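What you are looking at is a predicted structure, and each value in this text was computed from that prediction instead of being measured.
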Amino acid sequence: MVVKVENITPRKSKTATDEVISEEMDMKVKKYLRGEGANLEALKDKKLKGQLAVKEELYGKSATAAAKAEKWLMPSEGGYLEVDDEGIEKTWRIKQEAIAREVDILSSRKQYDIVLPDFGPYTLEFTPSGRYMAAAGCKGHLAIVDMKSMKLVKELQVRETVRDVVFLHNEQFFAAAQKKYPYIYNRDGTELHCLKEHGAVLKLQFLSNHFLLASINKFGQLHYQDVTTGQMVGNLRTGLGRTDVMQVNPFNGVVAVGHSGGTVSMWKPTSAAPLVKMLCHPGPVTALAFHTNGHLMATAGMERKIKIWDLRKFEVLQTLPGHCKALDFSQKGLLAAATGSFVQVFGDLSGSQNYSRYMNHSIAKGYQVKKVAFRPYEDVLGIGHSMGWSSILIPGSGEPNFDSWVANPFETSKQRREKEVRSLLDKLPPETIMLDPTKIGTVRSTRKKEQPTKEDREAEMEAAIEEAKSMPMKKKTKGRSKPSKIAKKKQEAVEKAKKPFLEQQMNEFSKKRKLTEETQLPKSLERFVRKKAVA
């Protein structure tokens, strides 16, 4: 007896988790699609219909690939503080104590106060990865802190005034603006260089793509120095007085300087004149900050106003009330403003470039805030004040996913060395600093030929005469090769070579004469004008 067994394929039942995953993927694909697809049924042209169908298919494939990349490469999602829709609660009323009770243990450790009353006020600087922080006290205290393990890497006392500190291309080197000159130190606190050409510097900035250290001193001089070769690339006089308000645009490498007259000037090392000079406030500019995309700029003035500028049109997008001594944009676009012992954070939660109050924080009364700086890839805001520095939690301020090729908070020493070599090979020359860096690599439009000068024309005419004189003559018979005949032919060749140049001169002279005749003179002088001969 033979029993036949049929191969029964079990039906795949869609579980609830599969449906949720597919819905998430559909939402992500919709985010990357370029709007609604074209209505191909209404088209009668078959060729156009086929071309558009191929393009729509490509758009769908690219959106699916981008959604998959986001799913696997960007697993973390950023979030903001949310309150009830009724409007009774406000996010800016939520205190740091309430946030600390709700977050996990690792996040709560990022909220602390370091009290060092003998060396303040302090200024702070983070590395691009957010792993290390440099703190500089006005009375000579310098410290490097590992923010991951919260351990002190190195601290030193330089025993003179320190106005600013900035990291160079990585955490191995940093520059400090001291009383007379800026100095460069390594991670162990060893002094490497004294940059005497900069003078008494008030503010330092580092251009990471160009390896340039920019500084402005108390005489209003802007210096650019290449830290790889030691060459002084630019020494510019702003001519607008002493200032300590300076910031680098991360988008194009242009340095913006705020002045006491209310103007903001933008500079590059290869130009003695500013690229842009804009009047932002009626009084002195007290603070300046750039958005990470480089298209937004925030300025604060003594008239108690904070202005948000669109640098593509150089127009004011929004004016916020409030006095401000320090400004900083986060990676996700939050704006921190500090004055006295009070810190405000403004947020553009709708994405329409309309900033509103997001969070408030008051430090101990009497503490004067000098610097605010968001820590990259973390929801943390560092505050440097007169009694030390503090760290508070700002949900939604940091980028949740990091790219290890750009900035890796967990990089090893080998990865750091490889990145240093790679960044040196990719170093950009100072000439690439411009307002619109997208023009680099494009073909320059053909310009009209410049008019040659008088000397150029004379040189061309002499070259043509010499060529005519040196032209070889054929030897002919029957007396046609006599010296007199040859000299006559050479004279004719010289006159022929001169003719186009003389005609050009006559045309220009006649044009100038017509222009002078057409210019209208006052009636009192018209009687002196030569009258045209009547035919």
Side-chain angles (χ1 to χ4, degrees), residues 125 128 163-170 173-177 181-184 192-259 263-278 280 285 288-295 297 299 311-312 314 420 423-442 444:
E125 176 75 13
R163 299 186 184 95
D164 198 13
V165 67
V166 66
F167 279 108
L168 300 188
H169 55 281
N170 56 25
F173 305 97
F174 65 95
Y181 313 109
Y183 291 82
I184 293 178
L192 301 178
H193 301 287
C194 174
L195 310 176
K196 291 187 178 181
E197 293 180 8
H198 292 250
V201 170
L202 301 177
K203 190 73 175 173
L204 288 169
Q205 289 291 315
F206 184 70
L207 285 70
S208 56
N209 293 328
H210 307 82
F211 281 80
L212 293 177
L213 181 65
S215 69
I216 190 158
N217 60 20
K218 63 181 182 181
F219 302 110
Q221 293 175 326
L222 189 61
H223 292 84
Y224 289 87
Q225 188 160 8
D226 192 330
V227 297
T228 58
T229 62
Q231 181 187 0
M232 187 63 74
V233 177
N235 183 0
L236 313 172
R237 289 181 177 271
T238 60
L240 294 168
R242 177 175 175 146
T243 181
D244 61 348
V245 180
M246 184 175 74
Q247 198 70 31
V248 174
N249 190 335
F251 175 63
N252 50 23
V254 172
V255 172
V257 182
H259 304 281
T263 58
V264 171
S265 57
M266 299 185 186
W267 302 82
K268 66 175 184 176
T270 55
S271 174
L275 300 173
V276 175
K277 193 175 176 184
M278 51 193 293
C280 298
V285 178
L288 181 67
F290 284 101
H291 196 281
T292 49
N293 61 14
H295 301 317
M297 179 180 73
T299 59
L311 295 180
R312 290 166 292 188
F314 296 101
E420 188 172 359
S423 58
L424 280 168
L425 291 172
D426 295 338
K427 175 188 164 187
L428 298 175
E431 291 78 18
T432 57
I433 298 173
M434 56 181 68
L435 285 174
D436 187 9
T438 56
K439 289 182 179 178
I440 299 171
T442 58
R444 188 175 66 183

If every non-hydrogen atom of [X] is compared with every non-hydrogen atom of [Y], which pair is closest and at what distance?
{"X": "V248", "Y": "L207", "answer": "CG2-CD1, 3.8 Å"}
{"X": "F174", "Y": "V165", "answer": "CD1-CG2, 3.8 Å"}
{"X": "G253", "Y": "I433", "answer": "O-CG2, 3.5 Å"}
{"X": "T299", "Y": "C280", "answer": "OG1-CB, 4.1 Å"}
{"X": "E420", "Y": "S423", "answer": "O-OG, 2.8 Å"}
{"X": "A175", "Y": "L204", "answer": "O-CD1, 3.9 Å"}

Just jot down the side chain to side chain donor-acceptor pair (under 3.5 Å) partners of [X], sequence neighbours excluded, or say none.
{"X": "E197", "answer": "none"}
{"X": "T229", "answer": "none"}
{"X": "K218", "answer": "none"}
{"X": "D164", "answer": "none"}

Can you name the residues that form a ring-ring contact (aromatic ring centres under 6.0 Å, His included) with [X], not counting sequence neighbours?
{"X": "F206", "answer": "none"}
{"X": "H295", "answer": "F251"}
{"X": "Y224", "answer": "none"}

(message) Nearest 0.5 Å, please: how far is CG in N293 from CG in L311?
(response) 9.0 Å

With the side chain counted from C-beta on, respond yes when [X] and [Y] share a heavy-atom pair under 4.5 Å apart, and no when they do not.
{"X": "L195", "Y": "V201", "result": "no"}
{"X": "H259", "Y": "V257", "result": "yes"}
{"X": "M278", "Y": "M297", "result": "yes"}

(message) Checking K277 now: which residues fulfil salt bridge (charged side-chain N to carboxylate O under 4.0 Å, His left out) with it, not counting sequence neighbours?
(response) none

(message) Which residue is it: I216, L222, V276, L275? I am looking for the one with a side chain to side chain contact (heavy atoms under 4.5 Å, CB included) to W267.
(response) L222

Validation: residues 232-244 side-chain donor-acceptor distances under 3.5 Å, sequence neighbours left out:
from	atom 1	to	atom 2	distance (Å)
N235	OD1	H223	NE2	3.2
T238	OG1	G220	O	2.6
T243	OG1	V245	N	3.2
T243	OG1	G258	O	2.4

(request) Dump the intermediate steps for side-chain contact (heavy atoms from CB on, under 4.5 Å) on M266 and N249, then the final yes or no. (result) CA-CA 9 Å; M266 299 185 186; N249 190 335; over 6 Å; no

(message) Is it true that, when you exclude F314 itself, more than 12 heavy atoms of the residues, nucleotides or ligands shown sit nearer than 6.0 Å to its CZ?
(response) yes

(request) Can you sort out the partners of Y181 under side-chain contact (heavy atoms from CB on, under 4.5 Å), two or more places apart, ordered by chain and number? (result) Y183, C194, K196

(message) Among residues at least two apart in sequence or on other chains, which ones pass side-chain contact (heavy atoms from CB on, under 4.5 Å) with T228?
(response) F211, D226, L424, K427

(request) Can you run down the side chain to side chain donor-acceptor pair (under 3.5 Å) pairs that involve residues 205-216, sequence neighbours left out, and say none if there aren't any? (result) H198-S215, H210-T432

